[in-house]
Protein chains: 2
Amino acid sequence: MLRLSKLTDYATVILSFMARDNSHVHAAMEIASATGIALPTVSKILKLLVNANVLTSTRGAKGGYALARAPEIITIAQVISVLEGPIALTECSISQQGCEQASGCEISGSWSLINQTIYNALESLTLADLIKPLRSRDSAWTQEVLIPVASLYR
Amino acid sequence: MLRLSKLTDYATVILSFMARDNSHVHAAMEIASATGIALPTVSKILKLLVNANVLTSTRGAKGGYALARAPEIITIAQVISVLEGPIALTECSISQQGCEQASGCEISGSWSLINQTIYNALESLTLADLIKPLRSRDSAWTQEVLIPVASLYR
DNA sequence: TTAAATAGGACTAATATAGTCCGAAATAAT
DNA sequence: ATTATTTCGGACTATATTAGTCCTATTTAA
């Protein structure tokens, strides 16, 4: 229903691995063998995450990658948008003409609402939450997630 | 970030058009010219929606398509799953071996939680909501959407 | 009998995703 | 200095998915 790309999935696995041991830098090679993801693919993802300032990198021998911030303030929404781009919903792909005839443009407003809601939910979940065992979470996610949709209209 | 296919977008436009005039059946041809979407594409989508029992069809001359239920009980989650399939999140695409090494499987639990939350949100929005003008909605969506995530753990 | 529709499915084309590879630049250790 | 290690940037290929079209059969009202 909701489809995230494999690369996004890989990214969360990689970031989770790094978050569990945030005390030193990790080389791409090390991450690849720890996660079982092929090295070139790991490299590609790490580069993307560096460019998006989710990770920092050190070049040269003994170099590697590290989290740019504490896991508690790296949100899942951030991670996803690095890999999938900021594309929120489908572009209004019907022609302007057809759109006017069907009043389709009113619907696009609804889609942005839906998207905003989902974004809010993902923004409230962090990398730290992801690495906690399921039964011992204490973030908003174990409580209730309150999405104030009405505020979008104000 | 969240990517819905074009067909899903088309489907919502088509269904919205039909919901606005639910008094008689609509031929594929009529829907195509009203929405501006090419006829073969419209046909394809309508067939999918019939198979999923979102629409009913009548064959033969004066035949056409109609909503199978009132717009108030056709949820957006239903519509999306018809077009995109029930795929909730990425399959655990790392090898079993890598997964154990990285304890990646704990993460997959988090993903299903994320997905459940999004599903709940989309399940609470109906086709009727979609065709209301933005400022005059009175469903749960204009109020607050409360997602009881904690209940998933009980 | 004919015209108007949907049904089913095969098929092609277009696009996006996944994954690989290479040469260059930086840095630590020797 | 030189070498080994490692990231950087980007090009490239292969694969998979999505979008879109088309054809033939079936159904039904006039």
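Because only heavy atoms are used, hydrogens play no part in the values below, and waters and symmetry mates are left out as well, while side chains stay in. Naming convention: chains lettered A, B, ... in sequence-line order (proteins, then strands); numbering from 1 in each chain.
Taking only side-chain nitrogens and oxygens, A/Lys6 never comes nearer than 4.0 Å to OP1 or OP2 of D/dA16. For A/Thr41 and C/dT20, the shortest distance from a side-chain N or O to OP1 or OP2 is below 4.0 Å. At D/dT6, none of the side-chain N or O atoms of A/Thr58 fall inside 4.0 Å of OP1 or OP2 (strictly under the cut-off). The shortest distance between the side-chain N/O atoms of A/Ser43 and the OP1/OP2 oxygens of D/dT7 is not below 4.0 Å. Under 4.0 angstrom from either OP1 or OP2 of D/dC8 there lies no side-chain N or O belonging to A/Asn51. Contact annotation: A/Tyr10 reaches the phosphate of C/dG19 (side-chain N/O to OP1 or OP2, under 4.0 Å).
Side-chain atoms of A/Arg59 stay outside donor-acceptor range of the base of C/dT27, with no qualifying N/O pair under 3.5 Å.
The backbone N or O of B/Thr126 sits nowhere less than 3.5 Å from a side-chain atom of B/Glu72 that would complete a donor-acceptor pair.
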Step by step, work out the side chain to side chain contact (heavy atoms under 4.5 Å, CB included) result for A/Leu122 and A/Thr75.
CA-CA 7 Å; A/Leu122 293 175; A/Thr75 71; over 6 Å; no
A/His24 and A/His26: side chain to side chain contact (heavy atoms under 4.5 Å, CB included), yes or no, with the steps?
CA-CA 7 Å; A/His24 59 93; A/His26 300 273; 3.7 Å; yes
Between B/Gln78 and B/Leu127, is the side chain to side chain contact (heavy atoms under 4.5 Å, CB included) condition met? List the steps.
CA-CA 10 Å; B/Gln78 284 163 19; B/Leu127 189 52; over 6 Å; no
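Here A/Leu39 lies out of heavy-atom contact (under 4.0 Å) with every strand. Using a 4.0 Å heavy-atom criterion, one finds that B/Leu46 contacts no nucleic acid atom at all.
Atom pair A/His24:NE2 and C/dA28:P shows a separation of 17 Å (rounding to whole Å applied). Distance A/Glu84 CD to C/dA16 P: 14 Å, rounded to the nearest Å. Look at CG on B/Leu4: it is 12 Å from P on D/dT18, rounded to the nearest Å. Rounded to a whole Å, the NZ atom of A/Lys62 is 14 Å from the P atom of D/dT7.
Candidate nucleotides D/dT21, C/dT6, C/dG8 were compared by shortest atom distance to the side chain of B/Lys47, and C/dG8 ranks first. The B/Ala38 side chain lies nearest to D/dT21 when the options are C/dA7, D/dT21, D/dT7. Nearest to the side chain of B/Ser5, among C/dA7, D/dT18, D/dC8, sits D/dT18.
Listed here is the closest heavy atom pair of B/Leu83 and B/Leu48: CD1-CD1, 4.1 Å.
Each of A/Gly60 and A/Pro40 has a nearest nucleotide on DNA chain C; the 5'-most of these lies closest to A/Pro40. DNA chain D is contacted by both A/Ala61 and A/Lys44; A/Ala61 maps to the nucleotide lying nearer its 5′ end (nearest heavy atom per residue).
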